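Comments concern the structure below.
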2 protein chains.
Amino acid sequence: MALDLSVDRSSPVPLYFQLAQQLEASIEHGALTPGSLLGNEIELAARLGLSRPTVRQAIQSLVDKGLLVRRRGVGTQVVHSKVRRPLELSSLFDDLEAAGQRPATKVLVNTVVPAAAEVAAALGVAEESDVHRVERLRLTHGEPMAYMCNYLPPGLLDLDTGQLEATGLYRLMRAAGITLHSARQTIGARAATDGEAERLGEDAGAPLLTMERTTFDDTGRAVEFGTHTYRPSRYSFEFQLLVRS
Amino acid sequence: MALDLSVDRSSPVPLYFQLAQQLEASIEHGALTPGSLLGNEIELAARLGLSRPTVRQAIQSLVDKGLLVRRRGVGTQVVHSKVRRPLELSSLFDDLEAAGQRPATKVLVNTVVPAAAEVAAALGVAEESDVHRVERLRLTHGEPMAYMCNYLPPGLLDLDTGQLEATGLYRLMRAAGITLHSARQTIGARAATDGEAERLGEDAGAPLLTMERTTFDDTGRAVEFGTHTYRPSRYSFEFQLLVRS
DNA sequence: TCAATCCGTATGTCCGGACAATCGGACCGC
DNA sequence: GCGGTCCGATTGTCCGGACATACGGATTGA
């Protein structure tokens, strides 16, 4: 198959990462077809002038992403699955933009309020202490799609309404130097209350998809707590799970 | 801190895995408190009589699980997050059993049918070709909680109704030597039809939580396709996401 | 013909070392 | 007091090698 692989040792990009990117690209545009063997690690290392641990590190990163499967005594092969989008901690805004939807955001509320018990517990702050509260309506094609209510601990970020309408909350946090680490999510469903129905353009009692999420940064601090409601006719959660071995 | 760590070189369990398990246990029952440093890798390796790569491999596996965070120039520390359950490809049955719910299963249908277009596409088989169809009702505390309809490609597994009522589908597949690899899931909501309401003990038009999933084994073959509906008052999806770096 | 065994091959694990990049605090000069 | 610089500490990357282990096919035997 003679894959066109090469590494640039003068680049600051780690060698294993360069190799991983090239392999991923080869898989993506079909140079490496599903099921095909990757060639053994020793020979691959020799061909590229790399050591075997470096090659293994590159391959391992793709195995972790679910693109490759290793079999002892057999080799490493490309996974067949058609859909290979991994599950990431992403924002609704990014999801929609990636789908080419060009989402619009309307900020309904952007203020500071005393933390209710549930919010205080989620964010790990004292009850009744000040927290930011942001309520937003997300629209696609001029129609409401989601109502989002988020709480942020004070002093983390200054929330500009203009910026909130132009981009997503996660992107603002990342831009402020916050390293997102993990999030705990609960997805459920319930009937719309009158107020929710009004906001989303549904009938009262209509089914709504609900999501509650607490996001943590790399130090373990909670940086965001939010309760969202979605119109199930216009949005559903879609993701891929991997088995951890 | 003087953690009580040790490895058994005569064990067939890999050294890095032994170390990872001990560290995870120490975190779990509080010997390693959130935020505490883990001590540098070199010294840790020396203390255990291991090489640094081995220690790094153990630490890395816990970083991948979201338990630890590494900081160059600083050290490795335990993440603060309270909830550390990772997102796994798990079955409803396992989830419930882990929560101590002792779920009951009632098999409504267990037969072979010609594949409809949607099923054929999901499983990668020809339309109208034979596939297994299993319909089950999952109950907790005597009350219906979920209605599940699953399709399996032929010849993969012989589905015994008795076994299906005693355990979960995933567990049967694993027992049959199938290595589960990944799954693509869609979670949404909609109003219950008359038939669904009847089955689940809800009113017609009541909100239902829906899940559609295709599961793949490690060769990339689809091994299961299912559409499930849940009573939102009795079940919601809960999981933790990690940022891939 | 079929089953058990052998063997080549590829990944899995582990070692010991080297240098680079980055973080944080200490030190120093202004 | 304040800011910049230096430096120790720690992880990040990379090397080259060694042996163990498991898979699959070929060979061998019944």
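Each chain gets a letter, A, B and so on, in the order the sequences are listed, and its residues count up from 1. The shown structure was predicted, so the numbers you read here are calculated from the model rather than taken from an experiment.
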Quiz item: Does B:Asp160 have any side chain to side chain contact (heavy atoms under 4.5 Å, CB included) partners at least two apart in sequence or in another chain, and if so, which?
Solution: B:Gln163

Quiz prompt | Distance in angstrom units between B:Leu68 CG and D:dT10 P, rounded | solution = 16 Å

Quiz item: If you fit an axis to the five pairs at each end of the helix from C:dT1-D:dA30 to C:dC30-D:dG1, how big is the angle between those two axes, to 10 degrees?
Solution: 10°

Quiz item: Sequence neighbours excluded, which residues qualify as side chain to side chain contact (heavy atoms under 4.5 Å, CB included) partners of B:Gln21?
Solution: B:Phe17

Quiz item: Hey, which of these two, B:Ile42 or A:Pro14, hits DNA chain D nearer its 5' end, going by closest nucleotide?
Solution: B:Ile42

Exercise. Let me have a per-nucleotide readout for nucleotides 15-23 of chain D, 5' to 3', with B, S or -, counting only protein heavy atoms under 4.0 Å.
Key: BB-B--BBB

Exercise. Identify, with sequence neighbours excluded, every residue that meets side chain to side chain contact (heavy atoms under 4.5 Å, CB included) alongside A:Thr54.
Key: A:Leu15, A:Tyr16, A:Leu50, A:Ser51

Between side-chain atoms of residues 115-133 of chain A and protein atoms elsewhere (two or more places apart, or another chain), which donor-acceptor pairs fall under 3.5 Å?
{"residue": "A:Ser129", "atom": "OG", "partner": "A:Ala126", "partner atom": "O", "Å": "2.7"}
{"residue": "A:Arg133", "atom": "NE", "partner": "A:Glu135", "partner atom": "OE2", "Å": "2.9"}
{"residue": "A:Arg133", "atom": "NH1", "partner": "A:Tyr151", "partner atom": "OH", "Å": "2.6"}
{"residue": "A:Arg133", "atom": "NH2", "partner": "A:Glu135", "partner atom": "OE2", "Å": "2.7"}

Self-check item: Between C1' of D:dT13 and CD of A:Gln18, the distance in whole Å
Solution: 12 Å

Quiz item: Hey, are B:Thr214 and B:Arg184 close enough side-chain-wise for a donor-acceptor pair under 3.5 Å?
Solution: no

Quiz item: Atom CG of B:Leu38 to atom P of D:dT10: distance rounded to whole Å?
Solution: 12 Å

Exercise. Could you tell me the separation between the CZ atom of B:Arg56 and the P atom of D:dC14, rounded to a whole number of Å?
Key: 11 Å

Practice problem: Could you tell me which residues satisfy ring pair (Phe, Tyr, Trp, His ring centres under 6.0 Å) with A:Phe237, sequence neighbours excluded, listed by chain and number? | Solution: A:Tyr230, A:Tyr235

What are the atom names and distances for every N/O pair under 3.5 Å that joins the protein to nucleotides 26-28 of chain C?
none

Quiz prompt | For B:Arg71, salt bridge (Lys or Arg N to Asp or Glu O under 4.0 Å) partners two or more places apart | solution = A:Asp218

Practice problem: Would you please name every residue forming a side chain to side chain contact (heavy atoms under 4.5 Å, CB included) with A:Thr33, sequence neighbours left out? | Solution: A:Ser36

Exercise. Specify the separation, in whole Å, of atom CD1 of A:Ile59 and atom P of D:dC14.
Key: 14 Å

Quiz item: Among all residues two or more places apart in sequence or in another chain, which pass the salt bridge (Lys or Arg N to Asp or Glu O under 4.0 Å) test with B:Glu212?
Solution: none

Quiz prompt | Distance, rounded to the nearest Å, where B:Tyr16 contributes OH and C:dT11 contributes P | solution = 16 Å

Practice problem: Could you pull out all residues at least two apart from B:Arg221 that satisfy salt bridge (Lys or Arg N to Asp or Glu O under 4.0 Å)? | Solution: B:Asp217

Quiz item: How close or far is atom C1' of C:dT11 from atom CG of A:Leu44, stated in whole angstroms?
Solution: 13 Å

Practice problem: Decide, yes or no, whether a salt bridge links A:Glu41 with A:Arg70 under the criterion of side-chain N to carboxylate O below 4.0 Å. | Solution: yes

Quiz item: Any side-chain N or O of B:Thr76 less than 4.0 Å from the OP1 or OP2 oxygen of D:dT11?
Solution: yes

Practice problem: Would you kindly give the CD-to-C1' distance between A:Gln60 and C:dT11, to the nearest whole Å? | Solution: 11 Å

